[in-house]
Amino acid sequence: MHSFRFSVPLAARSLLCAFSCIALTASCAYSPSTTLPETDTQALQKAKSVDATSQITTSWWKVFEVAELAPVMKTLESQNLTLNQAEQRVKRAQFLLAQVNAGDVPTITARTSGRSGRDLDSGRSSHSTSGGLGLSYDADIWGTRDAQQRSRQLGIDTAQYQFTEALLDTQALFINTLLEQISLQSRLSIAMQNVEISEALLNLVQIRFEEGDTSGIEVSQQRNTLISAQSEVLRLSNSLTLNERALAVLLGNESMQFNTPEQKALLSLSLTDFSLPEVAPALSAEVLKQRPDVQLAIAQFKQADLAFYEASVAGLPGMSLSADIGVSDLLDLAQGWTLGAAVSAAVSSAATLFDGGRLEAAEKAAKTDVDLAILQYQQTVLSAIEALLNSQTNLVFNQQNYRYALASLENNQQLYRLADIRYKAGDTDFLNLLNAQRSFFSARQSVISNYQAVLSSVIATYRESAGADITSS
């Protein structure tokens, strides 16, 4: 025996009415409440003299023309823990978007139940089973879900901008730290040479003292110079150890050392192996707009505006649709089986009439967040312009300073050579030789430091330009 009971006409009318309401309110959707103000980039426009492409690139370090960098930079991107965290934030943002998108389709639930009983007086047994399917859907009549989806998409964009920002920062930090390591090695080599020179000079002064040609003061002065040189060797050796650990941490090396042939090859380089590119003397406003921090500020403003819209419609009536199909007496094995079914549908709507000002306060707070995002955008752009101009100014300064350092080295090298010849010939006193020795040592160190400063300025300029191609054509 089979039996079916349906109330389909009523359910159909209810659902038809609900979808009609959705169609009537479909035009209610998010639209921006305001726009970002135009930012004055006159400082960049006035200085613009050449065109630079505005495309962000994370392979800007290739301008140094150091082939040994390529495999290590690839390792840096895959193993650096800061970048790994930034990548996970992008994935998380994608999952959050998928979560909101799931609201576009109805939710379906299923239920089953069974019951058995026995009457102790009559000895009769009874059995019943039932099952059902439920369907529910929240209509997006005010565009709230659409706003949430846009916000989640902006969340993905934000996470990607943050990843790019972190990657550019990490690349710049790694190369600067590598340059410091190479510079320390060069300065340590010079310091060790200075120790040898100081020891040889001390022996010479000691011999002249024993011969009565000089005083004990000069011996003590040269001994102090030797001790100072030895102390410098110790300091540089310690700095080398600490700096190598910093490099290892950036690469995710738990050994705290450079432990692959590719990584060790970097330590055999000299600063002069890094080519100096001809950087454009001025950058355009287009480069500024492509910076990840500027793009991030724009995305955060849009997110704040979407949140303001959500707050503004929070108290308006919504609409929920639901339908249910229930089935009972699924099986009765003793007497054949009977089936009873019922279909129901419902439409519900609710609106907030009084909440003590909670929703109004939330809307005002969201509007304030929009105003704050605008101010943050303006501050970000202003700071970016300053950073761009400062990087160019520092690059020009360090380039000129390096030229002076080279001239000073040439002069002090000649001075030291002449002072050494005259002292050995007895034509000048020891103090002149000592000063010439210190000046020559200082000039050699200065050349290394100034060349490193030029390279660091190039790194800073590319970093502040978000890796854009800013080489002079």
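Using cut-offs of 30° and 60° for the angle between ring planes, the F174 and F258 rings count as parallel. By the 30° and 60° cut-offs, the orientation of the rings of Y416 relative to F440 is parallel.
Of the inter-residue distances, the one linking L202 atom CG with R223 atom CZ reads 5.5 Å to the nearest 0.5 angstrom. To the nearest 0.5 Å, the span separating OG on S151 from CG on D146 amounts to 11.0 Å. Between atom CG of residue L179 and atom CD1 of residue I448 there is a gap of 12.5 Å, rounded to the nearest 0.5 Å. Remark: N412 CG to S442 OG distance equals 7.5 Å, nearest 0.5 Å. The distance from the CD atom of E87 to the CG atom of L167 is 9.0 Å, given to the nearest 0.5 Å. For the atom pair I182 CD1 and L266 CG, the distance stands at 7.0 Å (nearest 0.5 Å).
In summary, the side chains of E77 and T170 do not present any donor paired with an acceptor at a separation below 3.5 Å, with no hydrogens or angles considered. Looking at R444 and Q193, their side chains do bring a donor and an acceptor atom within 3.5 Å of each other. Of the N and O atoms on the side chains of S33 and D305, at least one donor lies less than 3.5 Å from an acceptor on the other residue. Counting only N and O atoms by type, the side chains of T380 and D293 include no donor and acceptor under 3.5 Å apart.
Two residues are said to be in side-chain contact when any heavy atoms from C-beta on lie closer than 4.5 Å; L188 and V233 meet this criterion. Looking at L173 and L250, their side chains come closer than 4.5 Å, going by heavy atoms from C-beta outward. In this structure the side chain of W60 reaches within 4.5 angstrom of the side chain of L168, judged on heavy atoms. Counting heavy atoms from C-beta on, the side chains of Y462 and T471 come closer than 4.5 Å. Using a 4.5 Å cut-off on side-chain heavy atoms (C-beta onward), W142 and P317 make contact. No side-chain heavy atom of T158 sits under 4.5 Å from any side-chain heavy atom of Q295. Side-chain contact between Y451 and L276 is present, with heavy atoms from C-beta onward closer than 4.5 Å. Q153 has its side chain out of reach of R150: every pair of non-hydrogen atoms, C-beta onward, lies at least 4.5 Å apart.
Not one N or O on the side chain of N238 forms a donor-acceptor pair closer than 3.5 Å with the backbone of L234. For the pair E363 (side chain) and L359 (backbone), a donor-acceptor distance under 3.5 Å is absent. Proximity of a side-chain donor or acceptor of N394 to a complementary backbone N or O of S457 within less than 3.5 Å is not detected. Of the possible donor and acceptor atoms, none in the side chain of N401 sits under 3.5 Å from a partner among the backbone N and O of F397. Under a 3.5 Å cut-off, the side chain of N84 and the backbone N or O of S78 do form a donor-acceptor pair. In this structure, S408 contributes its side chain and A405 its backbone to no donor-acceptor pair below 3.5 Å. With S383 contributing its side chain and Q379 its backbone, the two residues share a donor-acceptor pair below 3.5 Å. For N203 (side chain) and E199 (main-chain N/O), a donor-acceptor pair under 3.5 Å exists by modelled atom type.
Around the CD atom of E262, the shell of radius 6.0 Å holds more than 12 heavy atoms that belong to other residues, nucleotides or ligands. Heavy atoms from other residues, nucleotides or ligands lying under 6.0 Å from CD of Q79 number more than 12. Within 6.0 Å of the CZ atom in R111, the count of heavy atoms belonging to other residues, nucleotides or ligands exceeds 12.
Here F430 pairs with Y423 under the ring-ring contact (aromatic ring centres under 6.0 Å, His included) rule; sequence neighbours left out. Under the salt bridge (Lys or Arg N to Asp or Glu O under 4.0 Å) criterion, E360 pairs with K364, sequence neighbours left out. R152 is linked by a salt bridge (Lys or Arg N to Asp or Glu O under 4.0 Å) to nothing, counting only residues two or more places apart in sequence or in another chain. Annotation: side-chain hydrogen bond (donor to acceptor under 3.5 Å, both in side chains) contacts of D371 (sequence neighbours excluded): K367. Scanning for salt bridge (Lys or Arg N to Asp or Glu O under 4.0 Å) contacts around K74 gives an empty result, with sequence neighbours left out. Take D273 and apply the side-chain hydrogen bond (donor to acceptor under 3.5 Å, both in side chains) test, not counting sequence neighbours, and it matches S270. In this view, D157 satisfies the salt bridge (Lys or Arg N to Asp or Glu O under 4.0 Å) rule with no residue, not counting sequence neighbours.
Here salt bridge (Lys or Arg N to Asp or Glu O under 4.0 Å) pairs that include residues 385-405, with residues two or more places apart or in two chains, number zero. Among residue pairs with one or both ends in residues 230-255, those qualifying as salt bridge (Lys or Arg N to Asp or Glu O under 4.0 Å) are E232-R235; sequence neighbours excluded. Here salt bridge (Lys or Arg N to Asp or Glu O under 4.0 Å) pairs that include residues 57-68, with residues two or more places apart or in two chains, number zero. For residues 445-463, the pairs satisfying salt bridge (Lys or Arg N to Asp or Glu O under 4.0 Å) are E165-R463, D169-R463, with sequence neighbours left out. Evaluation of the side chain to side chain donor-acceptor pair (under 3.5 Å) test over residues 177-188, restricted to residues two or more places apart or in two chains, returns E180-R187, E180-Q452, Q181-N243, S183-R187, S183-Q452.
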task = Please report the C-alpha distance between D469 and T57 in whole Å, then the side-chain angles of each, then the deciding distance to 0.1 Å, and finally whether the side chain to side chain contact (heavy atoms under 4.5 Å, CB included) criterion is met.
result = CA-CA 8 Å; D469 181 10; T57 173; over 6 Å; no
task = Could you give me the CA-CA distance, side-chain angles and deciding distance for S456 and N176, then say whether side-chain hydrogen bond (donor to acceptor under 3.5 Å, both in side chains) is met?
result = CA-CA 6 Å; S456 295; N176 270 320; 2.9 Å; yes
key: Residues N253, N259; criterion side chain to side chain contact (heavy atoms under 4.5 Å, CB included); working and verdict   = CA-CA 8 Å; N253 294 348; N259 50 19; 3.7 Å; yes
request  = Could you check Y137 against V105 for side chain to side chain contact (heavy atoms under 4.5 Å, CB included), going step by step and ending with a plain yes or no?
outcome  = CA-CA 7 Å; Y137 178 73; V105 297; over 6 Å; no
task = Report the C-alpha distance between V313 and Y30 in whole Å, list the side-chain angles of each, state the deciding distance to 0.1 Å, and finish with yes or no for side chain to side chain contact (heavy atoms under 4.5 Å, CB included).
result = CA-CA 10 Å; V313 299; Y30 162 79; over 6 Å; no
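In terms of heavy atoms, S275 sits closest to P277 at O-CD, 3.3 Å. Here the shortest heavy-atom pairing between Q437 and Q222 reads OE1-OE1, 3.7 Å. Closest approach of Q392 and T461 over heavy atoms only: N-OG1, 4.3 Å. Scanning both residues, I459 and F64, for their nearest heavy atoms gives CG1-CZ, 3.6 Å. Residues Q290 and A466 share a closest heavy-atom pair of O-CB, 4.2 Å. Taking each heavy atom of P37 and I374 in turn, the nearest pair found is CD-CG2, 3.7 Å.
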